[in-house]
Amino acid sequence: MTLQVEIKHQLGGLSLKVGFEAAGGITAIFGRSGTGKTTVINAVAGLLRPDAGRVSLGGDVFVDTASGRFVPPAKRRLGYVFQDARLFPHLTVRDNLTFGARYAPPGAQGAGLDDVVALLGLAPLMARRPGTLSGGEKQRVAIGRALLSRPRMLLMDEPLASLDAPRKQEILPYLERLRDGPLNLPILYVSHAVDEVARLADRLVLLQDGEVQAQGPLYDVMADPAAVPLLGVREAGAVIEAEVIAHADDGLSTLRISAGTLELPGVQADIGARVRLRVLAQDVILSLSRPEGLSSVNVLPVRVETVHPGGGPGAAIGLRAGKDRVLARVTARAVAEMQLAPGLDCYAILKATTVAPGSIGR
Amino acid sequence: MTLQVEIKHQLGGLSLKVGFEAAGGITAIFGRSGTGKTTVINAVAGLLRPDAGRVSLGGDVFVDTASGRFVPPAKRRLGYVFQDARLFPHLTVRDNLTFGARYAPPGAQGAGLDDVVALLGLAPLMARRPGTLSGGEKQRVAIGRALLSRPRMLLMDEPLASLDAPRKQEILPYLERLRDGPLNLPILYVSHAVDEVARLADRLVLLQDGEVQAQGPLYDVMADPAAVPLLGVREAGAVIEAEVIAHADDGLSTLRISAGTLELPGVQADIGARVRLRVLAQDVILSLSRPEGLSSVNVLPVRVETVHPGGGPGAAIGLRAGKDRVLARVTARAVAEMQLAPGLDCYAILKATTVAPGSIGR
Amino acid sequence: AAQSPPVTVFAAASLRGALDDLAAQYGAPVTVSFAGSGTLARQVAAGAPADLVVLANPAWMDWLAEQDVSFAGPTRSIASNRLVVISHQEIEPLNDISALPVKLDTGRLAMGHRDAVPAGAYARQWLQSIDLWNRLEPQLAETDNVRSALALVARGAAPFGIVYATDAMAETRVHTVFDVPANLHDPILYPAAALSAGGQAFLEYLASPAAQVVFAAHGFAEAPE
Amino acid sequence: MTADSAAWEALRLSLWVAGWATVLAVPLALWVAWILARKSFWGKSLLNAVVHLPLVLPPVVTGYLLLISFSPNAPMGQALSAMGLQLAFHWTGAVLAAIVMGFPLMVRAMRLAIEAVDPKLEEAAETLGAGRISVFARVTLPLIGPGILAGAVMGFAKAMGEFGATITFVANIPGQTQTLPGAIWAALQIPGGEGQAVTMVLMASAVAVAAVLLSEVLARRVSARIAAK
Amino acid sequence: MTADSAAWEALRLSLWVAGWATVLAVPLALWVAWILARKSFWGKSLLNAVVHLPLVLPPVVTGYLLLISFSPNAPMGQALSAMGLQLAFHWTGAVLAAIVMGFPLMVRAMRLAIEAVDPKLEEAAETLGAGRISVFARVTLPLIGPGILAGAVMGFAKAMGEFGATITFVANIPGQTQTLPGAIWAALQIPGGEGQAVTMVLMASAVAVAAVLLSEVLARRVSARIAAK
Ligand SMILES: Nc1ncnc2c1ncn2[C@@H]1O[C@H](COP(=O)(O)OP(=O)(O)OP(=O)(O)O)[C@@H](O)[C@H]1O
Ligand SMILES: Nc1ncnc2c1ncn2[C@@H]1O[C@H](COP(=O)(O)OP(=O)(O)OP(=O)(O)O)[C@@H](O)[C@H]1O
Ligand code: MOO
Ligand SMILES: [Mg+2]
Ligand SMILES: [Mg+2]
């Protein structure tokens, strides 16, 4: 099911002019504060009528200003997790959660109440009303409410912003399961947390001043040095695909990538499964010789493809590792000392523990 | 100026029983959703009358249930940045910002309007009303409003949750300057982002189910293996103090720590200044021999002090580097292969680029 | 009475018309505050700035005389009135009033409230005396003053009504179909009392033959001494 | 009929009339309030002014206008009469008068409540699949509960106290259309009738106090549920 | 005085009385509304019921009670008179009657508005250093602007239409205490006086329409500023 968005809208001083596609999986919208992310989502949800343009999901045209078509929000069946929770103050948590269930068509598939309550830790809150919930509790109820309306697509506007890290670590895999499970629920996801986006998203849409700056598969956009200012220096890094080939007793798993094997802890996938690894540029060390006696067990032979000096003292090194592309961030001095240049063969050391469980997906 | 909090309060099912001190600098309150963080701040601000206890700042007793004393919020002069922005909908951004100025005593020191507007990027919004602001814009105005009331202390409840990374990178140094500048403004700071807390906080108070689980200087609490579940595996790591001794032309600076020197990019401090470095446990690689030919230029001789197996396949290794303590996270297999045990001398490789500018403070 | 001082008169509403004309003819400015008799009596008792009070109900004047009010002279009735039965449609006068219920059919008989409005109280006395009360009571439309009853008939909301002869005379849209014999109810009198010399002067003017001509023109009769 | 039983009879009728007026007017007032709060259309200002009119005009005039419209010989009155609904000189007309006179109060209270509802909550309900009617029934309506209650109690109180329009439209016939205000007024028109009037004023006051108390209790229950938003 | 000039005179007096009543009642009603919305104290229910009482009682009774309390020979009336304030049979009394009769309407509108204000905003103002009065003046008051306006327009409209209490308390003296409703009623006392009454009804209606329109324009300006919260 593909979401196609092509809209123009004038909002105060902001001229929004956005076109993108979100086919299956999770499409992240990323951009600075006030850049138009919520406005775009509102247009998809039907809470905003764009001045001009077209929005469609699968075969259904939601908006087409050319033909005057406009499907009201209630008919779109999109589960919207708002930036502000917007819980119904007069209803208990339970009634908030089940509010949308009755409007779903009889056959609609979707999450079950018990699962969602367990996932979000809402059991002790069910009889309470939103007025007394804490910030994070409200946000969790809002997520649950959207999930339980059995939508055809999820729109999530900074859904995890006020949640603690452990709770995020519980919710993220669930969203991955929604994306990958039988429902194959497409998700449009706004977040300022690059690690969330990098972990979850299949596609990335970078917005700036109401316009799309870059869009495409996560790999490409994340590795695009031009995106670094928006993503943040610490967060840039490549994503590579791997196949799980063995689980050892000590908890380490062996994964095959095109350039060799890696030993990683905490891999939950079955043997034979293909998983996604995120390798932060700053977690890659380059060495001219194969290093010995290191605690790090993951060493890959790589070839330098590009050397992209950053604005400051660092440089982004584009590496080819087998068929995959890896990004390394090193100091300019190291570039000079190691004479890093396109074509140079060297070794990339990936620390085993840098690839946290959270950054493995699909 | 020391904030002393000692309160008991029953809130629905939650029995809050909290005692802590926040002397100068930034005290972070950290804990899972619904654990009582906002409630504690409300008690400090005077928006909640605790069932029992005492709250004082410097010599001023705000609350003392024993003597029946209760100073109303308006008299406490605490700048509160609320979890929900709570802007005044009928006032322009400018009038929101300047709302509190007139209540400060004539001589009160504090931030100037122009500085705050520039810092928070509010110039284009000054004539707008909150109704049309984006989520992040609201939050920025809320921060500015609290700063401009010239408070004696700042209370910040997840102030940066919905801000983009570049904006955070602008605001964080400002908060550091407030903490360190002539005002020496104490800040009570709630955040779920460990990197923010680790960067900013001088003290950490870990809350769980309404009670203080651990508290103390950031170093100690952050390196406490027991805190790892709350902080998140990826975020644990030590903090060490360093002195800036040279800035090279290529942007790298040389810093002295008790165990030797480090070369780091992007250090803003003057020569001779003492700065604070955050070294993530996962960014430390251990090697039995001094490594050669690495892109990483920072290698420190260390001695293993403790080996603390984690819940999963990893282990936390406490290291002594000169007078400092460093934490390394390695796989259990590496522990076995390298025969890591207390007393072992080895080398710690710190990647130059892992210590990002943002994690240097004071 | 060329040099008389201005006067304020508190007068019963059913005197409107006649009193307006008389005020215009008087040699000094006359301001009239019209209201129901009960209201007037209470206001005067409460110290209203009235020079003269004219009520449509001797009972209220008796009540007023017992209050702590000092009159400038004796009370006297300045006019009297008669009851008539009126109809909306122009029909033959009813020679036999016992035909009224039949003529009324399912319609309403408009009259002042049986207790609260003097005209209503007189009408009830009369209807009781001729044994029609019980028959007609369910079909009454009792109003807050006699002019409202008149208006009901004038608009046709009620086919018949019992009002003062003065009202019937002033309203062209009603027809008098029966004159109520004056001996079948208490005498209908308008007692007046002055509260100041100016009021007394105007009262004397009202009792004068010149004024009585105006009263007569509005259908009032002279009050018996 | 003794004076006392007349008072009780008037009280009974007043309660009956006020009850019916409240029950009938609430949905209508809610609808008008909703339109005024949420819609914009040509003639909205006019509608608004018309709703306020019974407040500005002396009650007698309103009663008189009702009489002209619904008297047995007016076309509308005849049409309704043919349908079995008699208004003029009937308690049903007293209900109509009470509705008309209380309408501005009810509409205003409800409108203020509707305007205080955050439309973002209604939007949220829409995204969850709720159509207009569901949104109104499940979100708007419960949120404006206190306003509806306030409107209802104002309407009820006004219906209990309405005198001028009622007496003009349905007259003041003991046992048929004499409500408590009519009876009180009548008592005051008789010298020495104050004693009886005082009794009835106390009755009316007791009803008012009871209604207000009840509405406060209900409102507190409703808003305690919503609590601090 | 011709019938026409009497009508204009009554209109002028009505506007004068209603204007004063509105101006004087707004602050008082606001205060009572605030107390009812925000405070809890012994006797609150009683206060609430008393505020509603003029709605429940026939206006004549309210007027009569005013007359008893403030008549020239009642102690309170004498005290006020000594201070130079005459109420009974004066336009000032008409103002008082209009205030009393319109009070429940004003209080209710303002109270609903106050109850809709999020106390969290007031808390925020407190943390910024604003004391109680500042919080009220700079946060609460602007936020309840539309409610105050609604209350004021209701009070004004009621003051324009008040008849029963006014005629009972201050009589119906042309040029002195005869407001538009009194003049309309007086006109209806002349057989065939409807024509003159109609003129005055149209006058009153025009004022009502103008007041309502004005208040809507003002309210729109106020709430456009606040916009979607
Ligand atoms: N009036 C109340 N009645 C019952 N429970 C309440 C009430 N107010 C707050 N609570 C509960 O008290 C707990 C603490 O709330 P608090 O807002 O302090 O949490 P928090 O630590 O700030 O959480 P978060 O990170 O989600 O904002 C929550 O579980 C909340 O549901
Ligand atoms: N009604 C309006 N009038 C004028 N400007 C508006 C209006 N509504 C929104 N804007 C502006 O449009 C811009 C886009 O807003 P939007 O809410 O889409 O931003 P966002 O990308 O979601 O930001 P954030 O990350 O802070 O939530 C903002 O600068 C906002 O101030
Ligand atoms: O003037 Mo009256 O009191 O209606 O008979
Ligand atoms: Mg947004
Ligand atoms: Mg909180």
Side-chain angles (χ1 to χ4, degrees), chain A residues 38 41-49 62 71-92 95-105 108 110 127-133 138 141-142 144-157, chain D residues 26-27 30 33-35 37-41 109-152 215-229:
Chain A
T38 300
I41 293 207
N42 280 342
V44 173
L47 300 183
L48 178 108
R49 270 177 200 254
F62 288 159
V71 177
K75 294 269 159 62
R76 298 190 183 191
R77 296 193 52 225
L78 306 174
Y80 191 163
V81 181
F82 295 90
Q83 196 167 1
D84 45 340
R86 301 202 194 177
L87 301 181
F88 303 123
H90 58 296
L91 298 180
T92 59
D95 292 343
N96 265 283
L97 289 173
T98 57
F99 187 94
R102 69 171 74 170
Y103 305 114
R128 299 255 298 272
R129 270 169 236 276
T132 64
L133 297 183
K138 281 190 188 126
V141 176
R145 187 178 67 171
L147 286 174
L148 287 168
S149 70
R150 317 214 155 165
R152 296 195 297 165
M153 180 170 183
L154 272 179
L155 310 176
M156 310 187 88
D157 198 350
Chain D
V26 162
L30 190 55
W34 191 80
I35 283 182
R38 287 294 169 82
K39 297 279 161 188
S40 50
F41 53 93
M110 294 177 192
R111 180 176 167 188
L112 280 168
I114 292 171
E115 284 170 342
V117 170
D118 188 349
K120 289 184 173 178
L121 292 176
E122 297 170 324
E123 285 183 358
E126 282 185 74
T127 67
L128 291 166
R132 285 155 155 262
I133 295 173
S134 290
V135 170
F136 185 77
R138 297 182 71 194
V139 178
T140 319
L141 198 60
L143 287 176
I144 61 175
I148 296 180
L149 214 56
S215 78
E216 291 294 319
V217 169
L218 287 176
R220 216 169 299 146
R221 202 175 295 174
V222 171
S223 43
R225 280 207 275 139
I226 303 179
K229 292 168 221 167

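Throughout, a chain's letter reflects where its sequence line sits, starting with A, and its residues are numbered from 1.
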- Query: Is the shortest heavy-atom distance from the side chain of A:Pro151 to the side chain of D:Thr127 under 4.5 Å?
  - Reply: no
- Compare all side-chain heavy atoms of D:Lys120 with those of A:Asp84 and state whether any distance is below 4.5 angstrom. yes
[X] versus chain D, heavy atoms under 4.5 Å apart: side chain, backbone, both or neither?
{"X": "A:Arg76", "answer": "neither"}
{"X": "A:Leu87", "answer": "backbone"}
{"X": "A:Arg145", "answer": "both"}
{"X": "A:Phe82", "answer": "side chain"}

- For D:Arg132, is it the side chain, the backbone, both or neither that has a heavy atom under 4.5 Å from a heavy atom of chain A? neither
- Does any N or O in the side chain of A:His90 come within less than 3.5 Å of the main-chain N or O of D:Ile144, such that one atom is a donor and the other an acceptor? no
- Item | Exercise: identify the closest heavy-atom pair between A:Tyr103 and D:Ser134 | OH-CB, 3.1 Å
- Heavy-atom nearest pair, A:Ala74 first then D:Ala130, reads CB-O, 3.3 Å
- Task: Would you mind telling me which of A:Pro73, A:Ala104, A:Gly100, A:Gly46 has the largest number of heavy-atom pairs within less than 4.5 Å of chain D?
- Result: A:Pro73
- Note on the structure: From the list D:Glu123, D:Glu126, D:Glu122, salt bridge (charged side-chain N to carboxylate O under 4.0 Å, His left out) partner of A:Arg86 resolves to D:Glu123
